[in-house]
Each structure stands twice: as structure tokens, then as C-alpha cells.
2 protein chains.
Amino acid sequence: MEIYKASKKRLFVERHSIEHLFSAPVEAYMEVHEYQRDDWIIQEGTRPDFLYYVVEGKAKIYITHQNGKVSLINFINANEFIGEMELLHDVYYTKGIQASTKTICFALPMHYYRRQLMEDAKFLRELTRFLSVKATQMAMKYTQSLAFPLENRLADFILQTADNGVYKEKHVTVCDYLGVSYRHLLHVLTQFTEKQYLQKEGRKYHIKQYDSLKSLSQILRNK
Amino acid sequence: MEIYKASKKRLFVERHSIEHLFSAPVEAYMEVHEYQRDDWIIQEGTRPDFLYYVVEGKAKIYITHQNGKVSLINFINANEFIGEMELLHDVYYTKGIQASTKTICFALPMHYYRRQLMEDAKFLRELTRFLSVKATQMAMKYTQSLAFPLENRLADFILQTADNGVYKEKHVTVCDYLGVSYRHLLHVLTQFTEKQYLQKEGRKYHIKQYDSLKSLSQILRNK
DNA sequence: TAGAAAATATGAGATATCTCCTATTTTGAG
DNA sequence: CTCAAAATAGGAGATATCTCATATTTTCTA
């Protein structure tokens, strides 16, 4: 992890305005943190000292269960917050946050800014929107996971993450995200291949029947 | 559904202050709605005109999936909001809300109050807290549903809803809530009875081995 | 650059959960 | 009070998903 200093910091802050998020300036004590892929931004179980705002990159929220299973709760993208739960609640089980690409965040020391932020309608409005989307997403994922087999959820995930007709996510990550065993994920991927929805080439899968996948994934949706 | 008028309204509003929620008064256009058990407070798919604040009672959030399955997403209790998603987002698939006991809500016409509320730090802070809890809850339910079998989740649910050592929820509701089939719920309940965790008496189940259920439910928790 | 660790792959058997069916009991509206 | 609808109950077989075991390939690190 690198903390930008001096001109590197100044330049970065100038290029990435966050005026739209706050009524009063927060630059005084704000830091700029850069994390490399796989770095832990927050350790599971350890309260963070900062409220983060992701400017660049992508991260993952993990929780480890007592039975050893690991869940990838969700992805965090640019323009989203990290640590807002700890800002709002004194008691909270902190989830682990891991960068999945190089990730640059603004880091606001909660100590300094908590009081100010909790009075700032502009900030609270942003945070409210963010949390409402998060709550809705989780509710959808929850009900979908119970109402539909992996087949549908995987089709949806493939379409969401495929890049130029090519799907190439790591199986291990996908298992944690969709909450199924490695074995079963492979099994359904093989089915997709046998049905010619996908064509496997090394570690990549080429989408061959977009429509078939689309109709599997549409079943999840209440438009 | 009954809308309180005149003195009935005045009395109710006086007895249930909501000063702590708003910086400026909202009583002018506020209504008081009373719903009976099983009334629909909001129809699935139909945008509500009000932001509701539940003063008394308990309600259920439902969504119907394309495959016909119904999910009970969550319960709503006193001092919680309904319709906040529609307040925040112009495009949103509205879930159905059904009263599960007699429920009395304050109903704020969004049309009149949206702008004012979105500027009100006090209100936004409350809403933020509410949504953050909601998001956390959903995330936990989601990961738990994928990481643990019904046995653990049902044990937890029984302990949460049992009244004086007696569990007597409707099976149909529980199926929708825990996302399992009626058949399977009965199956696991029978197991609990055979293991003497519960003792069945008509439609009620008496908790006989509190500790066994407790340890099943503890497995879900990361303290 | 060798060896360890992580990721991929696949088989085989177990089990959690589902679907479909049928029967009985309870509840609620007229 | 009566009848239909809802809720409860349980059998039987299907299937979605899991666990465990083992082998190969890729990636990372000392």
C-alpha cells in the first residue's frame, strides 16, 4: 500500500474532484491510498480508521464463516464507499475488503470527520443513495439465490462479466460469489459447453449462443 | 384500510411524536393510515404515493418471481420506513408490502415532501442508519443461506420467533422467508422433533432442548 | 529455476432440497 | 352452518449441490 505524498497527492486530488460529495471541504486531513491487486484494504474483524471513497479500481467484500466457508458478498467499484458501516455504527462486525485490481481511494480519518459528515445533508444524501442500492442488490441476490438454480445465476453472471464475448473469471472467485462448490460450478459450465452455449478454449469460454444465456438470465428479472 | 380523521388523527399524532426524525414539521399533509392484518399496504409493481413510517405493527415485504416462487424478503417493524426506495429512485421495481398484524403508519405524500426531505440532514441520518442495517441484514441472510443448510437457519429462526418457549409460526410463511419448500421445512421440523429438540403439540412446538438449537444457530454467527 | 502453492479438472458417492401427489384438518366467507 | 379455500401432513422419486479424493497444470516465490 502506498500513501501519496506532496505533489503526487496534490495532482491526484486536483484531477479527481469530490466536491459533489461534501458541503464542506475534507481535503485537510484526507489521504490518498493506493492498493495493489490482492492487497487487503481492510482486514476482516478489524475496525478501519478511515472512511474510503474508491476513485479507481475494484475491490471485493469477503466474510469468513465459522464453518470455514468464505463468501464474496459483493464487488465494490469506483465511486463507492468503504467503511461506511463503521462510520454509522459503533458495534459492527467488519468484513474483509480486498483489492481485485489496482485501487486508489480517498481516505478520510473518521476521527476527524465523523461529526461533520453526520451533519452534512449533501454527503448523507449520497450515502443514502449508495446504501439503498446496496440493500436492494443484496435483497435481489438473496431471493434469487433461493428461488433459482445455479444455471440461471451463472448465465447472468457470465453475461455481466464477459468482455467482448469472452468469459474468463477465476472459478475460485466465482464459487465464493455465487455461493456454490467448485465442483458444481465446473459441472454447470460443462453443461453449458455441451449445449454449445459456450465454447471452451484453454481457460477462456467463448459465448456461442448469446440468446440461450440471455433467456436463462432473464428468468431472474422482474424488469 | 382506514385513514384517521379529525380528533382521532390529532390524538394519535400527539401521542406518537416523530420530532426526532425531521428538522422541519411534516404534519401539515401527513396522514395516518391503519391497515388490518393481511391488507396490502403497497401492491407489488405499483409505485406508492407516500413515504410511510410504521408506528405500530408489523409487515412483510414480498416479491414474486417469474417462475412463480414467492420470497418473503424481510419483516418490517415499528419505527421503520416503507417506500424509501421509491423516494430515492425514480426507477425501481416496487415490492409488495403486507401487514401481518394491525399496522398503523404515518404517511407522507412524497409529492409534497420529497424535496424537503432530501435536504434534511436529520431525516437523512435516520434513513441512512435504517438502510445500513437493512443492507447488512440482507448481506448476512444472503451469505448464510448459501453457506448453511436449513437446519441451522431454522434453529435460528425458531429461537428468534419463539414466545415463551413455544414456536408456532405458519409453515407457509416460514417457507417463503427461509426460501425452502414446504415439504423440506416439515422434514427438518420432524427431525428436530425426533431428536427431541422440539415437542409437537397440535400446531405448536415446545422447545425442549434450548441448548441444541442454540448451538445450531450459533454456527451462523461471527459474533 | 526449482519447489511450493494455487488453480484447474474430473470421478464417485452422499445429502440437502425439490417436485408431484394425495389425504386430512382448520379457517373463513356467505 | 356449510362449503370452498387454506393449511397441515407425509410418501416417493428426482435433482441440485456437496464432500472427498486424486491428478495435472499454472503461478508465484525464494
Side-chain angles (χ1 to χ4, degrees), chain A residues 36-39 60 62 65 67-72 98 100 142-155 157 167-195 198-205 216 219-220, chain B residues 36-39 60 62 65 67-72 98 100 142-155 157 167-195 198-205 216 219-220:
Chain A
Q36 298 310 309
R37 184 186 158 152
D38 293 344
D39 279 358
K60 295 176 282 190
Y62 278 108
H65 299 279
N67 63 1
K69 287 200 186 179
V70 171
S71 297
L72 202 189
Q98 186 181 36
S100 61
Y142 169 61
T143 59
Q144 288 172 355
S145 73
L146 293 174
F148 301 96
L150 179 61
E151 185 177 45
N152 299 285
R153 296 180 291 132
L154 180 59
F157 183 75
Y167 167 80
K168 50 177 175 183
E169 298 300 313
K170 274 208 198 143
H171 297 334
V172 180
T173 307
V174 179
C175 292
D176 292 342
Y177 185 64
L178 297 179
V180 296
S181 67
Y182 189 93
R183 192 65 195 80
H184 189 53
L185 173 63
L186 271 258
H187 181 232
V188 175
L189 276 172
T190 305
Q191 284 182 10
F192 282 1
T193 308
E194 279 166 1
K195 289 179 186 165
L198 300 176
Q199 185 178 323
K200 194 176 167 190
E201 186 201 328
R203 323 221 128 173
K204 298 174 187 166
Y205 293 80
L216 281 177
I219 297 175
L220 300 181
Chain B
Q36 297 311 308
R37 183 186 160 153
D38 295 343
D39 279 358
K60 295 177 282 189
Y62 278 106
H65 299 279
N67 63 0
K69 287 198 187 181
V70 170
S71 297
L72 201 189
Q98 186 182 35
S100 61
Y142 171 60
T143 60
Q144 289 171 357
S145 73
L146 293 174
F148 302 95
L150 179 61
E151 184 177 45
N152 298 286
R153 296 181 290 129
L154 179 58
F157 183 75
Y167 167 81
K168 50 177 176 182
E169 298 300 314
K170 273 208 199 146
H171 297 333
V172 181
T173 306
V174 178
C175 291
D176 291 343
Y177 185 63
L178 297 179
V180 295
S181 67
Y182 190 93
R183 192 65 194 79
H184 189 53
L185 174 63
L186 275 244
H187 182 231
V188 176
L189 277 172
T190 306
Q191 283 181 13
F192 282 0
T193 308
E194 279 166 1
K195 290 180 187 163
L198 300 176
Q199 184 179 321
K200 194 174 167 191
E201 187 203 325
R203 322 220 129 174
K204 298 176 188 167
Y205 292 80
L216 281 176
I219 297 175
L220 300 181

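Protein chains get the first letters and strands the later ones, always in sequence-line order, with residue 1 at the start of each. In what follows, every heavy atom counts, from backbone to side chain, and hydrogens, waters and symmetry copies are set aside.
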Completion exercise
Checking C:dA7, D:dT17, C:dT10 against the side chain of A:Lys170 (C-beta onward), the nearest is C:dA7

Handout entry: First of B:Arg37 and B:Val180 reached from the 5' end of DNA chain C, by closest nucleotide
Key = B:Val180

Exercise for the section: Mind calculating the distance between CZ (B:Arg203) and P (D:dA6) to the nearest angstrom? Expected result: 15 Å

Practice task
Return no unless some side-chain N or O of B:Lys69 is found under 4.0 Å from OP1 or OP2 of C:dT19.
Solution key: yes

Handout entry: Atom-to-atom span, CG of A:Leu154 to P of D:dT17 - whole angstrom
Key = 11 Å

Handout entry: Parallel, tilted or perpendicular: ring planes of B:Phe157 versus B:Tyr177, cut at 30 and 60 degrees
Key = tilted

Exercise for the section: Compare the minimum distances between each of C:dT17, C:dT8, D:dA12 and the side chain of B:His184, then state the nucleotide with the smallest one. Expected result: C:dT17

Handout entry: Nucleotide nearest B:Leu186 when distance is taken to its side chain, options D:dG10, C:dA7, D:dT17
Key = D:dG10

Practice task
Give the nucleotide from the list D:dT17, D:dA12, C:dA16 with an atom nearest to the side chain of A:Pro149.
Solution key: D:dT17

Handout entry: Steps toward side chain to side chain contact (heavy atoms under 4.5 Å, CB included) verdict (A:Lys60, A:Thr173)
Key = CA-CA 10 Å; A:Lys60 295 176 282 190; A:Thr173 307; 4.3 Å; yes

Handout entry: Whole-Å distance separating the CD atom of A:Gln98 from the P atom of C:dA6
Key = 12 Å

Completion exercise
NE2 (B:His184) and CG (B:Leu189) are apart, to the nearest 0.5 Å, by 10.0 Å

Completion exercise
Whole-Å distance, A:Leu185 CG to D:dA16 P, equals 15 Å

Exercise for the section: Between B:Tyr205 and A:Gln191, name the one whose nearest nucleotide on DNA chain D is closer to the 5' end. Expected result: B:Tyr205

Practice task
Nearest whole angstrom, please: distance from the P of C:dT22 to the OH of B:Tyr182.
Solution key: 18 Å

Handout entry: Proximity to the side chain of B:His187 - top-ranked nucleotide from D:dC20, C:dT17, D:dG10
Key = C:dT17

Exercise for the section: Let me know, please, whether B:Ser181 or A:Lys200 comes out on the 5' side of the other along DNA chain C by nearest nucleotide. Expected result: A:Lys200

Exercise for the section: Would you confirm whether B:Asn67, through its side chain, and A:Ala147, through its main-chain N or O, come within 3.5 Å as a donor-acceptor pair? Expected result: yes

Completion exercise
In whole angstroms, the gap separating P of D:dT15 from CG of A:Leu150 amounts to 17 Å

Practice task
Give the rounded distance in Å between these two atoms: CG of B:Leu189 and P of C:dA16.
Solution key: 15 Å

Exercise for the section: Scan B:His171 against the nucleic acid and name what it touches under 4.0 Å (heavy atoms): base, sugar-phosphate only, or nothing. Expected result: sugar-phosphate

Handout entry: Separation of atom CD in B:Glu201 from atom P in D:dT8, rounded to whole Å
Key = 16 Å

Practice task
Among D:dT17, D:dG11, C:dA12, find the nucleotide with the atom closest to the side chain of A:Arg183.
Solution key: C:dA12

Practice task
Count the heavy atoms belonging to other residues, nucleotides or ligands that lie under 6.0 Å from NE2 of B:His171, then report whether that count exceeds 12.
Solution key: yes

